[in-house]
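Source: prediction; values computed, not measured.
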Amino acid sequence: MHKDLKKVMFDEGQIAGLADSIAERINADYEGESLTAVVVLKGSLVFAADLIRRINADVRVDFMQASSYGVGTESSGVIKIKKDLESDISGENVLIIEDIVDSGRTLSLLKKELADRGAKSVKIAALLSKPARRVVDVEIEYIGAEIPDEFVVGYGLDFAERYRNLPYIGILKPEVYR
């Protein structure tokens with residue numbers, strides 16, 4: 001375990017089990033259909049790589065980096081797209097792949113934006129959900145696990161661009177991020 005962690009929340013085997021469970025549900029819902037996976041950068045990259053290898057549908061992959069922004073920590077309700085899709089998603093089944101859902105602001109706006117671009121359907125797959133932090137009601141069709149309001153890192157999740165490469169998910173010690 002990394003010295004900056006309080007404890008490991010999910011080890012490699014548990015994470016694989018969560019990815020298997022999510023993929024099983026996606027495979028049932030998209031049997032015989034194609035799918036465009038939209039990977040939300042940067043944190044979702046590791047989870048997305050594992051998840052798409054478990055999906056049986058014909059999968060195209062594209063990437064977005066987006067945020068909702070405003071004054072301080074409050075969302076303005078406007079989505080700022082830092083990196084946009086390279087492909088046209090009109091008429092496509094779109095699966096947004098996210099590492100963790102906190103407030104729900106960005107994902108809510110992103111889901112609406114992709115639907116407005118003419119996607120046939122837009123659903124969200126998130127490895128983790130932190131309902132205690134939710135301020136916007138957003139439907140997350142595929143959730144690996146709900147977690148308490150702890151600062152987690154590893155398996156793509158970061159603090160100040162660090163810890164993404166850890167093969168497990170752990171709770172960061174408060175003194176590291178405060």
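Here the closest heavy-atom approach between residue A37 and residue I52 is recorded as CB-CG2, 4.1 Å. The two residues P167 and E12 make their nearest non-hydrogen contact at O-CG, 3.0 Å. Nearest heavy atoms, D149 versus A132: CB-CB, 4.1 Å. Of all the heavy atoms in L41 and Q65, the pair that sits closest is O-CG, 3.7 Å. The heavy-atom pair separating A66 from L110 by the smallest distance is CB-CD1, 4.4 Å. Residues A125 and I26 come closest through the heavy atom pair CB-CD1, 4.2 Å.
Linking Ile, Leu, Val, Met, Phe, Trp and Tyr residues whenever their side-chain heavy atoms come within less than 4.5 Å places L45 and L18 in a single cluster. Hydrophobic clustering of Ile, Leu, Val, Met, Phe, Trp and Tyr side chains at less than 4.5 Å, counting indirect connections, unites I89 with L109. Linking Ile, Leu, Val, Met, Phe, Trp and Tyr residues whenever their side-chain heavy atoms come within less than 4.5 Å leaves V94 and I55 in two separate clusters. Connection of L166 to Y177 is established within a shared hydrophobic cluster, with ILVMFWY side chains joined at heavy-atom distances below 4.5 Å, either directly or through further cluster members. A chain of hydrophobic side-chain contacts below 4.5 Å, direct or via other Ile, Leu, Val, Met, Phe, Trp or Tyr residues, connects M1 to V176.
Within a 6.0 Å radius of NZ in K83, more than 12 heavy atoms belonging to other residues, nucleotides or ligands are found. The neighbour count for E175 CD, taken as heavy atoms of other residues, nucleotides or ligands under 6.0 Å away, is above 12. Residue-environment remark: CG (D137) stays at or below the threshold of 12 foreign heavy atoms within 6.0 Å.
Of the inter-residue distances, the one linking L172 atom CG with L5 atom CG reads 6.5 Å to the nearest 0.5 angstrom. Atom CD in E33 sits 12.0 Å away from atom CG in N27 (nearest 0.5 Å). Note that the OG atom of S103 and the CZ atom of R134 stand 8.0 Å from one another [nearest 0.5 Å]. If you take OH on Y168 and NE2 on H2, they are separated by 7.0 Å, rounding to the nearest 0.5 Å. From L35, atom CG reaches atom OG of S121 across 7.5 Å, with rounding to the nearest 0.5 Å. Here the straight-line distance linking atom NZ of K80 with atom OG1 of T106 works out to 12.0 Å at 0.5 Å rounding.
A side chain to side chain contact (heavy atoms under 4.5 Å, CB included) with L128 is found for exactly one of I100, D102, D99, namely I100. Put simply, the residue from V135, V136, V101 that forms a side chain to side chain contact (heavy atoms under 4.5 Å, CB included) with S108 is V136.
Counting heavy atoms from C-beta on, the side chains of I143 and L127 never come closer than 4.5 Å. Counting heavy atoms from C-beta on, the side chains of R60 and S87 come closer than 4.5 Å. Residues V61 and V39 have side chains in contact (heavy-atom distance under 4.5 Å, counting atoms from C-beta outward). Contact check for D11 versus I15: no side-chain heavy atoms found under the 4.5 Å cut-off. A heavy-atom distance below 4.5 Å is found between the side chains of I169 and L157. V138 places a side-chain heavy atom less than 4.5 Å from the side chain of I124. Within the 4.5 Å cutoff, no side-chain heavy atoms of I97 are placed close to those of V38. With contacts defined as side-chain heavy-atom distances shorter than 4.5 Å, the pair L85/F63 does not qualify.
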Side chain to side chain contact (heavy atoms under 4.5 Å, CB included) for E92 and S34? Distances and angles first, verdict last.
CA-CA 8 Å; E92 297 287 327; S34 63; 4.1 Å; yes
Could you walk me through whether V46 and R164 pass the side chain to side chain contact (heavy atoms under 4.5 Å, CB included) test, one step at a time?
CA-CA 8 Å; V46 178; R164 290 191 197 276; 5.8 Å; no
Please step through salt bridge (Lys or Arg N to Asp or Glu O under 4.0 Å) for the pair K111 and E141, ending with a clear verdict.
CA-CA 12 Å; K111 194 171 189 179; E141 290 80 3; 2.8 Å; yes
Go through the steps to decide whether V152 and F10 satisfy the test side chain to side chain contact (heavy atoms under 4.5 Å, CB included), and finish with yes or no.
CA-CA 10 Å; V152 293; F10 297 101; over 6 Å; no
Going through the checks in order, is the side-chain hydrogen bond (donor to acceptor under 3.5 Å, both in side chains) test met by S44 and E98?
CA-CA 5 Å; S44 303; E98 183 62 287; 2.9 Å; yes
Assess the residue pair K6 and E150 against the criterion (salt bridge (Lys or Arg N to Asp or Glu O under 4.0 Å)); give the C-alpha distance rounded to whole Å, side-chain angles, the decisive distance to 0.1 Å, and a yes or no.
CA-CA 10 Å; K6 193 163 51 169; E150 296 275 8; 3.4 Å; yes
Go through the steps for V40 and I96 under the test side chain to side chain contact (heavy atoms under 4.5 Å, CB included), then give the verdict.
CA-CA 7 Å; V40 181; I96 301 170; 3.5 Å; yes
I would like to know whether R25 and D20 meet salt bridge (Lys or Arg N to Asp or Glu O under 4.0 Å); could you show each step before the answer?
CA-CA 9 Å; R25 291 178 273 153; D20 287 342; over 6 Å; no
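Looking at D29 and Y142, their side chains do bring a donor and an acceptor atom within 3.5 Å of each other. Y163 and D4 share a side-chain donor-acceptor pair at under 3.5 Å. Side-chain contact, Y155 with D50: a donor N or O sits under 3.5 Å from an acceptor N or O.
Although no hydrogens or angles enter the test, the distance criterion places a donor-acceptor pair under 3.5 Å between the side chain of K173 and the main chain of K3.
Side-chain rings of F151 and F159 approach one another, their centers coming within less than 6.0 Å.
Ion pairing of E161 with K42 is present here, as a side-chain N (NZ or NE/NH1/NH2) and a carboxylate O approach within less than 4.0 Å.
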